[in-house]
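Model, not experiment: these values are computed from the prediction. Here is how names work: the chains are called A, B, and so on, in the same order as the sequence lines, proteins then strands, and each is numbered from 1.
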There are 2 protein chains.
Amino acid sequence: MMYENEKRVADARAKVFKALGHPTRCFIVELLTKKTLSVSELTEAVNADVSTVSKHLSILKQAGVLTDNKQGSKVIYSLVCPCIMDFIYCIDDAIVKDAEKGISCILPGAKIERKTTGN
Amino acid sequence: MMYENEKRVADARAKVFKALGHPTRCFIVELLTKKTLSVSELTEAVNADVSTVSKHLSILKQAGVLTDNKQGSKVIYSLVCPCIMDFIYCIDDAIVKDAEKGISCILPGAKIERKTTGN
DNA sequence: ACAACATTTGGCGATTTTGCCAAACTACCA
DNA sequence: TGGTAGTTTGGCAAAATCGCCAAATGTTGT
């Protein structure tokens with residue numbers, strides 16, 4: 001963390017990870033891989049206050065994970081880069097491997113369903 | 001977020017992301033792609049209090065990102081799964097793409113050096 | 001212009017994270 | 001056994017995050 005550039009790179013990466021580091025936000029990202037959704041649709045899906053969801057969306061957008069698109073009075077959110085999901089699957093693999101090796105059972109009893117390439 | 005399993009998966013994923021969601025921890029992970037390092041070596045590299053670094057390491061270990069290995073009085077940390085770095089590069093790509101598209105310039109002026117496959 | 005819907009923003013208490021210091025603990029060595 | 005280097009843990013104050021409510025803003029249709 002000595003040099004400026006290192007610091008900047010670490011900050012930029014951490015910002016993205018931090019944005020994804022909340023269960024609701026992870027879930028939102030997953031939902032958006034299937035199709036674009038409005039704030040109210042997302043709100044219903046995640047079962048939280050609209051204002052809370054709006055703030056989560058703002059954090060994800062700020063981090064560059066999502067974009068929004070105004071359609072009438074609705075705001076439609078979508079993934080900037082669907083590759084983010086590949087990336088989440090990579091995490092899943094690591095989690096599952098961990099569980100198998102008994103190193104640390106992060107995910108007790110949960111089933112992770114992984115999509116095949118087609119979407 | 002309605003069903004138990006969805007919640008558990010989101011929690012597990014978020015835990016990993018959260019662990020990576022701090023500049024110092026991101027940097028530690030990057031250092032460990034090059035070679036395994038002891039707590040004191042890492043402490044010097046990141047320029048923070050030993051106790052702080054130790055706690056960061058504990059968080060990364062708890063999340064399943066790192067393992068440790070006691071060698072004498074030293075504790076050597078290493079990446080559980082080097083694939084985590086591919087995954088960080090994937091983030092970098094997204095960041096750079098963003099910057100290029102001007103959607104959100106997350107990383108003003110920083111140069112991200114990406115390793116080729118050989119390490 | 002008004003009402004109804006969709007979303008964002010401000011604010012606030014509650015909780016969590018962060019980073020330093022001091023103290024405890026462990027392993028090695030003289 | 002005492003000393004020292006390496007690491008972890010406890011504690012605490014400062015800072016950040018979270019989630020809800022209320023209020024403001026924007027949009028559509030009448």
Chi angles and distances behind the side-chain contact (heavy atoms from CB on, under 4.5 Å) call for A/Glu41, A/Lys74: CA-CA 10 Å; A/Glu41 289 170 321; A/Lys74 296 194 177 178; 5.8 Å; no
Going by side-chain contact (heavy atoms from CB on, under 4.5 Å), name the residues that satisfy it together with [X], two or more places apart in sequence or in a different chain.
X: B/Ser40; value: B/Ser38
X: A/Ser73; value: none
X: A/Ser58; value: none

Check against side-chain contact (heavy atoms from CB on, under 4.5 Å), A/Asn69 and A/Val75: CA-CA 6 Å; A/Asn69 180 309; A/Val75 178; over 6 Å; no
List the atom of [X], the atom of [Y], and the distance in Å for their closest heavy-atom pair.
X: B/Thr36; Y: B/Ser78; answer: CG2-CB, 3.4 Å
X: A/Leu37; Y: A/Leu32; answer: N-CD2, 3.6 Å
X: B/Phe27; Y: B/Ala45; answer: CE2-O, 3.8 Å
X: A/Pro23; Y: B/Ala10; answer: O-CB, 3.6 Å

Rounded to 10°, tell me the angle between the two end axes of the helix from C/dA1-D/dT30 to C/dA30-D/dT1, each built from five pairs.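 Computed angle between terminal axes is 20°.
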Could you give the [atom1]-to-[atom2] distance, from [X] to [N], as a whole number of Å?
X: B/Leu57; N: D/dT9; atom1: CG; atom2: P; value: 12 Å
X: B/Asn69; N: D/dT8; atom1: CG; atom2: C1'; value: 17 Å
X: B/His56; N: D/dT7; atom1: NE2; atom2: C1'; value: 15 Å
X: B/Asp68; N: D/dT8; atom1: CG; atom2: P; value: 7 Å
X: B/Glu44; N: D/dA5; atom1: CD; atom2: C1'; value: 14 Å

What does [X] touch in the nucleic acid at a heavy-atom separation under 4.0 angstrom: a base, only the sugar-phosphate, or nothing?
X: B/Ser51; result: base
X: B/Ser38; result: sugar-phosphate
X: B/Ser40; result: sugar-phosphate

Please enumerate all protein N or O atoms sitting under 3.5 Å from an N or O of nucleotides 14-17 of chain D, with distances to 0.1 Å.
residue, atom, partner, partner atom, Å
D/dT17, OP1, A/Lys18, NZ, 3.0

Return a single string for nucleotides 24-30 of chain D, one symbol per nucleotide in 5' to 3' order, where B is base contact, S is sugar-phosphate-only contact and - is none, cutoff 4.0 angstrom on heavy atoms. --SSS--
Which residues pass the ring pair (Phe, Tyr, Trp, His ring centres under 6.0 Å) test with A/Phe17, sequence neighbours left out?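 Checked A/Phe17 against ring pair (Phe, Tyr, Trp, His ring centres under 6.0 Å); matches are B/Phe87.
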Under 4.0 Å from any heavy atom of chain B: name the first and the last nucleotide of DNA chain C that qualifies, 5' to 3'.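 Listing 5' to 3', DNA chain C meets chain B from C/dT17 to C/dC28.
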Within the structure, does a side-chain N or O atom of A/Thr52 lie under 4.0 Å from either OP1 or OP2 of D/dC20?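 A/Thr52 to D/dC20 OP1/OP2: side-chain N or O found under 4.0 Å.
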Take A/Glu30 and B/Arg13, measure what side-chain contact (heavy atoms from CB on, under 4.5 Å) needs, and give me the verdict at the end. CA-CA 11 Å; A/Glu30 188 177 11; B/Arg13 287 174 179 165; 3.2 Å; yes
Judged by each residue's nearest nucleotide on DNA chain D, which is more toward the 5′ side, B/Val39 or B/Lys55?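 Its nearest nucleotide lies further toward 5', so the answer is B/Val39.
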B/Val53 or A/Ile59: which one's nearest nucleotide on DNA chain D is closer to the 5' end?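 Mapping each residue to its closest nucleotide by heavy atoms, the 5'-most match is B/Val53.
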When rounded to the nearest 0.5 angstrom, what distance separates CG in A/Leu31 from CG in A/Leu79?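 Separation between the atoms: 10.0 Å.
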Name the atoms and distances for all side-chain donor-acceptor pairs under 3.5 Å in residues 48-57 of chain A, with sequence neighbours left out.
residue, atom, partner, partner atom, Å
A/Asp49, OD2, A/Ser51, N, 2.9
A/Asp49, OD2, A/Ser51, OG, 2.7
A/His56, ND1, A/Arg25, NH1, 3.0

Let me see the working for A/Lys7 and A/Asp11 under side-chain contact (heavy atoms from CB on, under 4.5 Å), right down to the final yes or no. CA-CA 6 Å; A/Lys7 171 113 188 73; A/Asp11 282 348; 3.0 Å; yes
